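Naming: A, B, ... by sequence-line order, numbering from 1 per chain. Everything quoted here is computed from the prediction, not taken from an experiment.
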Amino acid sequence: MDKHRIALILNQIGMLLELKGESFFKSKAYYDGARTVELLEEDLEILISENRLKEVKGFGEALTSKVTELVATGRLLYYEKLKEEIPGGLLEMMRIPGMGAKKVKAVYDNLGISSVEDLKLACLGNKLAGLHGFGAKSQIKILEGIESLGKYSGQFLFPIAMELASKLVAALKDSGLVIRCSEGGSLRRRKETVKDIDILASSNDSSAVMEYFSRLPLVIGVNSKGDTKTSVTLANGINADLRVVEDTQYPYALHHFTGSKEHNTALRHLAKQEGIKMNEYGLFRGDNEELVICHSEEEIFKVFGMQFIQPELRENNGELEAAREGKLPELVKGEDVQGVFHIHTIYSDGSNTIEELAKACISRGYSYMGVSDHSLSAYYAGGMKKEGIKRQHEEIDRLNLKYSSFKIFKGVELDILQDGNVDYDDEILSLFDFTIASVHSRFNMDEEKLTERVIKALKNKYVTILGHPTGRLLLSREPFVSNLDEIIKAAAEERVVIEINTNPHRLDLDWRFCKPAREAGCRFVLSPDAHSIDELDDMKYGINVARKGWLTAEDIINTRTAADVCKILASK
DNA sequence: GCCGTTTTCGGCCCGACTGTTTTCAGTCG
């Protein structure tokens, strides 16, 4: 059983226990366990077979035996019994904004409501108002919550949220009411999808800022409004929270509201051990709570003897320990990138000519690009036949002469066929400087077969890059089920470069796997999978992923010069 | 349910806002 599924079950156990009315800390143990499993770098089966799962922090007797049962049998009796006790609709009800375990339990215990649909009817029938802790407003809020649950998935792609956040920050800065202002939360941590927009500002007149913010044209509704915190809804359904603090509090608050929650919890725990109380308003030392003055986030980390931790790394994924030991990596930056791979042209389903794309790359400061149109079996995308390849290569040769300081690499995006072969013979494959092998069809194979299929492609001596390794489309298509650990191991052994596809819908490889892949010895390429000139600019989203995945310029081949890239491609 | 130089029991991070309360519980981040 794959670890996402296990994490999901542990999470559900936590929720079910809350619904049962058990101690929250018991639930928290399961929530923490779910997160730990999700971020586990070692193979769960190996941990279990070597009897080392209980050494993992947060895993005691109960969690160890439950996860062991799940991995061994694919089932968990304890979980199944819990599900029998508590109707599934209650879990669904907990997704409604404003409905937590206590409230769901209250309507279930008192009114027997066990589904979102029943809850809706009860609100419309004014049945909730009599319940202790519920009133007329609660019913309206719940109805609105149910509506938004259906209308929006509740998650937004990074670029959409970031664009809105930038507008809000710009408007606040223009207002003259704020001293400092920035986005925070998961946006500042550059997560691939976000639930809401967090903005932090410092000001001498917070209520004026709140007033100004809640009246911005982008705002369609105000959810809550206080002196220091206001929450609004924007036109596309995304919520934006603004927190305002005094300017001296800004660095502490910026750290606090950047999160993640898990990073904050872990750092606060460390602080407490050193006799320091930590909240959004400051660091307070000792019994008399003397303020430890910090002018920046850098200084906050310094108090704990740590290097500055970049926001992207703040996921409680080992960054605190590394920062303390001075072992944080020097993360890759946008300006490190010297060239772009995985570009489609009019030779298949791209909309620009090779020369147009070359000029666009040159104007963006790149010194090379790798063209990779679709191969034969991608008939839906106009995959290239032998004659097309010949024409394309002649054109590239001409352009390479014309633009002497810019290099165009000849490549192709191959389909990994169902049997793991690729769709050109060796004679054709030998014509390319590089090849990207990707799965484009037949995602529904079982895990073992799909893993074998991909690994067989990696072993092909002409395959240099593994394209979008999981096939996921954020918020619309799940990654296909494969054993990524095995694939990563094979990629390292076969010296196949792993793509970080920078299309904001893909961002594949996922940052969560970049760190372990790096440790396994893999190299990466950032590639926009561009089908037009505009999409070349998606590279910045890939930089976010690489940084969140602890990658340095060293780990990424297109931070090298064209000459070095030639050597790397030839080395397979 | 987990954990421990405060250690086998008693904590477990901390604060803002809402809607319901007449001082606070629940939710959220």
Side-chain angles (χ1 to χ4, degrees), chain A residues 10 13-14 16-18 20-34 36 53-67 78 93-107 128-142 144-145 154 184-189 194-200 206 210 214 222-232 239-245 249 252-253 255-284 289 316:
Chain A
L10 292 179
I13 291 175
L16 290 165
L17 290 171
E18 274 198 81
K20 265 187 84 171
E22 297 265 3
S23 149
F24 173 73
F25 294 108
K26 190 166 168 177
S27 292
K28 188 173 174 295
Y30 283 94
Y31 295 142
D32 290 347
T36 303
L53 184 57
K54 62 175 186 292
E55 291 167 18
V56 175
K57 194 167 153 48
F59 273 73
E61 283 292 315
L63 262 73
T64 301
S65 79
K66 287 183 178 95
V67 170
Y78 176 75
M93 280 156 71
M94 279 181 75
R95 291 179 53 220
I96 301 167
M99 289 293 284
K102 298 267 169 56
K103 289 196 168 169
V104 170
K105 187 169 156 49
V107 296
L128 254 57
L131 222 53
H132 183 81
F134 291 82
K137 280 200 176 175
S138 311
Q139 295 188 137
I140 293 167
K141 240 185 104 181
I142 290 170
E144 286 173 355
S186 47
L187 267 185
R188 184 161 180 249
R189 300 201 312 281
V194 303
K195 203 159 74 66
D196 61 12
I197 294 170
D198 290 303
I199 294 174
L200 176 71
S206 68
M210 294 310 182
S214 58
V222 179
N223 307 319
S224 69
K225 187 154 150 250
D227 280 342
T228 66
K229 179 182 171 183
T230 290
S231 172
V232 300
N239 283 346
D241 294 344
L242 172 67
R243 293 287 299 240
V244 179
V245 295
Q249 298 167 332
Y252 313 100
H255 175 267
H256 180 91
F257 293 116
T258 295
S260 66
K261 202 171 65 181
E262 290 81 6
H263 166 95
N264 286 356
T265 304
L267 186 56
R268 259 196 227 110
H269 186 71
L270 278 176
K272 204 175 172 183
Q273 286 177 344
E274 299 188 7
I276 295 174
K277 187 174 92 168
M278 187 171 190
N279 60 27
E280 56 263 59
Y281 303 118
L283 300 179
F284 304 96
E289 303 207 339
N316 196 28

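- Residues A:Val67 and A:Phe59 form a side-chain contact, since some pair of their non-hydrogen atoms from C-beta on lies under 4.5 Å apart.
- In this structure, A:Ser138 reaches the B:dT20 phosphate: one of its side-chain N or O atoms is under 4.0 Å from OP1 or OP2.
- Backbone-only contact: A:Ala101 has heavy atoms under 4.0 Å from sugar-phosphate atoms and none from a base.
- Residue contacts for A:Tyr281: at a heavy-atom cut-off of 4.0 Å it reaches the sugar-phosphate backbone alone, with no base atom in range.
- Closest approach to the A:Lys195 side chain among B:dT27, B:dG29, B:dG1 is made by B:dG29 (side chain taken as heavy atoms from C-beta onward).
- For A:Lys137, counting side-chain heavy atoms from C-beta on, the closest listed nucleotide (B:dT20, B:dG1, B:dG29) is B:dT20.
- Side-chain atoms of A:Asn279 lie closest to B:dC14 of the nucleotides B:dC14, B:dG29, B:dG1.
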CA sep, side-chain torsions, deciding dist, call: A:Met99, A:Ile142, side chain to side chain contact (heavy atoms under 4.5 Å, CB included): CA-CA 8 Å; A:Met99 289 293 284; A:Ile142 290 170; 3.6 Å; yes
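- Comparing atom distances between the A:Phe25 side chain and each of B:dC2, B:dG15, B:dC12 picks out B:dC12 as nearest.
- Among the atoms of the strands shown, none is found under 4.0 Å from any heavy atom of A:Ala253.
- Distance from the side chain of A:Ser224 is smallest for B:dT18 among the nucleotides B:dT27, B:dG1, B:dT18.
- Looking at heavy-atom distances under 4.0 Å, A:Asn264 makes no contact with the nucleic acid at all.
- Among B:dG29, B:dA16, B:dG1, the nucleotide with an atom closest to any side-chain atom of A:His256 is B:dG29.
- Checked against B:dA16, B:dG29, B:dC2, the side chain of A:Thr228 finds its nearest nucleotide in B:dA16.
- The separation of B:dC12 from B:dT6, taken at their C1' atoms, amounts to 14 Å, rounded to a whole angstrom.
- Residue A:Lys66 places at least one side-chain N or O closer than 4.0 Å to OP1 or OP2 of B:dG1.
- The residue A:Lys225 sits close only to the backbone: its heavy atoms come under 4.0 Å of sugar-phosphate atoms, none of a base.
- A:Asp196 comes within contact range of the sugar-phosphate backbone alone, with a heavy-atom separation under 4.0 Å but no base atom that close.
- Among B:dA16, B:dG1, B:dG19, the nucleotide with an atom closest to any side-chain atom of A:Lys141 is B:dG19.
- The A:Glu280 side chain lies nearest to B:dG15 when the options are B:dT20, B:dC3, B:dG15.
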Protein-nucleotides 22-25 of chain B N/O pairs under 3.5 Å:
none

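- Under the 4.5 Å side-chain criterion, counting only non-hydrogen atoms from C-beta, A:Val245 is not in contact with A:Glu280.
- Side-chain proximity of A:Lys272 to the nucleotides B:dC14, B:dG19, B:dC2 is greatest for B:dC14.
- Distances shown here put every side-chain N or O of A:Lys229 at or beyond 4.0 Å from the OP1 or OP2 atom of B:dA16.
- Counting any heavy atom pair closer than 4.0 Å across all strands shown, A:Phe24 reaches no nucleic acid atom.
- Residue contacts shown for A:Leu17 are absent, as no nucleic acid heavy atom lies under 4.0 Å away.
- Using a 4.0 Å heavy-atom cutoff across all strands shown, A:Lys54 reaches no nucleic acid atom at all.
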